[in-house]
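Before any comments, here is the structure.
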Protein chains: 2
Amino acid sequence: MGNGRAVTLRDVAARAGVSVQTVSNALNAPQRLQADTLATVTAAIRELGYQPNRSARSLRTSSARLIGYCVARRADGVANPMMDQFLHALTAAAEDEGRHVLLFTAPAGAEAMTPYADLIAQRAVDAFVLSDTVPHDPRHRWLTEHGARFASFGRVWHEQEQPGPWVDVDGAAGCAEAVRHLHSLGHKRIAFLGLPPDGGAVQDRQHGWQAACGQLGLPTEGLLVHCADDTVRHGRDAALRLLDGAEPPTALVAASDVVAFGALHCGRPLAVVGFDDTPLAALVPPGLSSVRQPVAEVARTLINLLDDDHERGVLLRPELVVRASSRTTVRES
Amino acid sequence: MGNGRAVTLRDVAARAGVSVQTVSNALNAPQRLQADTLATVTAAIRELGYQPNRSARSLRTSSARLIGYCVARRADGVANPMMDQFLHALTAAAEDEGRHVLLFTAPAGAEAMTPYADLIAQRAVDAFVLSDTVPHDPRHRWLTEHGARFASFGRVWHEQEQPGPWVDVDGAAGCAEAVRHLHSLGHKRIAFLGLPPDGGAVQDRQHGWQAACGQLGLPTEGLLVHCADDTVRHGRDAALRLLDGAEPPTALVAASDVVAFGALHCGRPLAVVGFDDTPLAALVPPGLSSVRQPVAEVARTLINLLDDDHERGVLLRPELVVRASSRTTVRES
DNA sequence: CTGAAAGCGCTTACAG
DNA sequence: CTGAAAGCGCTTACAG
């Protein structure tokens, strides 16, 4: 790879007429060198295009400067479209700290932790970033017990105390903001379109809706419905059930963009706000208002958490992106 | 990371009562050892849970066993949803060969190759896998000229000869199959919904449609339309333009799922086949038939190409996934 | 078939 | 402020 032999510290030292140690210092502790020595060495480094060999540096410092990230299996094709953006953000955030992301996969079931154990044993990574947390996710506890560094995007809601540092997006705050937005447009009956419990995130969003409605004096009775599955069809059917009720809503906050699309295309006038601001939210007419997770900030925070031994958890505020789906005229009821 | 000091070759050698060299041989050249020696050493390895330190091994063998992959920037949010699946497939394929994927980002413009150059200089990766190729993509030529190993998912259509090994999906074959499928259902006027030229892939798909129609004796005149952008709205508008023409189509093959959705929801009966089989194709009622790229096979082939100095390019056949969107009844015209 | 030795390219105490 | 030396953990010719 690359043409010919790589440039080493030795080559630079010879060129600059100093010892290898001085070249190393120029790179890692420049304040130790005299200005003119530093200038000579720096020039030689630039001329030769020298960059330290990563393996050698890692071996010596016993830090790989690599962060392990397990790519969830998408066998069913039902990807979390946000994960795409997250991975880009995570890579960029890691690079800002001179690191890279190493991808790996994990089998389901009892062997799920094996790849983590292997990567640790081989000293292939310094830390892990976790996401796609599932109910009763065993990873956080396992990693804590094995003394591994990690930071989690998402909480493990079932534990008494969340093991290890985490970053999460305040779903309750996001849905509360969605409710206030719809209320400010004149809506008085705002429904919530839920999903099967997924460990806590969905309930969290629902609580935000409930609390905001309570604060604004809006009803919630008969306005809560759950979709059996996160599909467009289930979203549509659930919305129709609400609309066919005695006191139908004029607006709706959904726990995901996918079910929000179903509600939006149910054929009746209904203001809709989704959750996640997936790429399609902007692409599908008339444009779906949605609660956007601040992925770049999540990524930066995760990387920072890896070096922070004190911080336990950080809750980030999502942002409501308003599009045409929530701007339908309110009918007088 | 991990509890306490890592287990080294020395520890295993001490435990097994042999030299470190013998332990190394047990791992890398077991046929050199006598059966009983091998058994002793293997037992010691298992008991201590030994795994070779990656940095040390990489330094010694000058191979990082890491494959660099640049995550495209998704600033506009218009991700390629297939890339998600691809990344998982690539990671899995790399692992099957004892490697991992290292993610990095690249700036736009003149500095686009800098991260590649850095990774090479640092010996951080052994090879690159390229995807998201763009018109006049400079990467293939640059990497070839710099003697770097790589394999590309997608061709650079503008070059005389594609620099370096590549894998691509036969878009023409996919669209031809879509046409034959629609024809077998009785459709006689099958349109093509194109996109702005993107370097060649879109034209390739269009040619497949054209050729298949020709072979089946079907008309193409007035049945080709291009969307200005890859959005649902543009897809719908373009479909309506076709349907409002003198001799409207009864079916349509689209260059992407997104514009296919627009055509499918244009409010008129129209059989539709999309391209890419994005996750939403299955989720959005009534279900969108779509040409699926064989991402797992693409990934495997790319990894194999990295070790193959002879193979130049591999063209893989996509698979038509039939759902309800292409099964509408044909009206007699 | 097995062992002692060299060396991959770095960094870091330790002398001068 | 600078240099000679040791050593991170492995693999690979080279002897025995």
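Below, chain A is the first sequence line, B the second, and so on; all start at residue 1.
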Can you tell me if the side-chain N/O atoms of [X] get under 4.0 Å from OP1 or OP2 in [N]?
| X | N | answer |
| --- | --- | --- |
| B:Ser24 | D:dT11 | yes |
| B:Thr22 | C:dG3 | yes |
| B:Ser58 | C:dC8 | no |
| B:Arg60 | D:dG9 | no |

Would you classify [X] as touching base, sugar-phosphate or nothing, given that sugar-phosphate means primed atoms plus P, OP1 and OP2, and contacts are heavy atoms under 4.0 Å?
| X | answer |
| --- | --- |
| B:Thr37 | sugar-phosphate |
| A:Gln34 | sugar-phosphate |
| A:Gln122 | nothing |

Lys/Arg N to Asp/Glu carboxylate O, [X] vs [Y], below 4.0 Å:
| X | Y | answer |
| --- | --- | --- |
| B:Arg99 | B:Asp307 | yes |
| B:Arg317 | B:Asp170 | no |
| A:Arg149 | A:Asp309 | yes |

**OP:** Hey, which sits more toward the 5' end of DNA chain D by its nearest nucleotide, A:Val20 or A:Leu33?
**Re:**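 First, find each residue's nearest nucleotide; the 5'-ward one identifies A:Leu33.
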Original post:
side-chain contact (heavy atoms from CB on, under 4.5 Å) between B:Trp166 and B:Leu315: does it pass, once the steps are laid out?
Top reply: CA-CA 8 Å; B:Trp166 54 269; B:Leu315 203 52; 4.0 Å; yes
Original post:
For C:dA4, which nucleotide is its Watson-Crick or G-U wobble mate, given both distances must be under 3.5 Å?
Top reply: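 Result: none.
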Original post:
Mind checking who D:dA13 pairs with, Watson-Crick or G-U wobble, both distances under 3.5 Å?
Top reply: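 Pairing partner, where one exists within any strand: none, as none qualifies.
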**OP:** With rounding to the nearest 0.5 Å, note down the distance linking CD in B:Gln51 to CG in A:Asp118.
**Re:**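 Atom-to-atom, B:Gln51:CD and A:Asp118:CG are 4.0 Å apart.
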Original post:
Does the side chain of A:Thr105 come under 3.5 Å of the side chain of B:His88 through a donor N or O and an acceptor N or O?
Top reply: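 There is no such pair between these side chains.
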Selected nucleotide, minimal atom distance to [X] side chain, candidates [options]:
| X | options | result |
| --- | --- | --- |
| A:Pro52 | D:dC10, D:dT11, C:dC10 | C:dC10 |
| A:Arg57 | D:dC8, C:dC10, C:dT12 | C:dC10 |
| A:Thr8 | C:dG9, C:dG3, C:dT12 | C:dG9 |
| A:Asn53 | D:dA13, C:dC10, D:dA4 | C:dC10 |
| A:Leu59 | D:dG9, D:dT12, C:dT12 | D:dG9 |

In whole angstrom, give the distance that lies between atom [atom1] of [X] and atom [atom2] of [N].
| X | N | atom1 | atom2 | value |
| --- | --- | --- | --- | --- |
| A:Arg54 | C:dT11 | CZ | P | 12 Å |
| B:Arg123 | C:dC10 | CZ | P | 10 Å |
| A:Asp11 | C:dG9 | CG | P | 9 Å |
| A:Asn25 | C:dA13 | CG | P | 11 Å |
| B:Asn28 | D:dC10 | CG | C1' | 9 Å |
| A:Asp126 | D:dC8 | CG | P | 19 Å |
| A:Tyr50 | C:dG9 | OH | C1' | 7 Å |
| B:Gln51 | D:dG9 | CD | C1' | 14 Å |

**OP:** Could you say whether B:Asp36 or A:Leu9 is positioned toward the 5' end of DNA chain C, judged by the nucleotide with the nearest heavy atom to each?
**Re:**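 Nearest-nucleotide comparison on DNA chain C picks B:Asp36.
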Original post:
Taking for each residue the nucleotide of DNA chain C bearing the nearest heavy atom, is the 5' side occupied by B:Arg32 or by A:Val7?
Top reply: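 Between the two, 5'-proximity favours B:Arg32.
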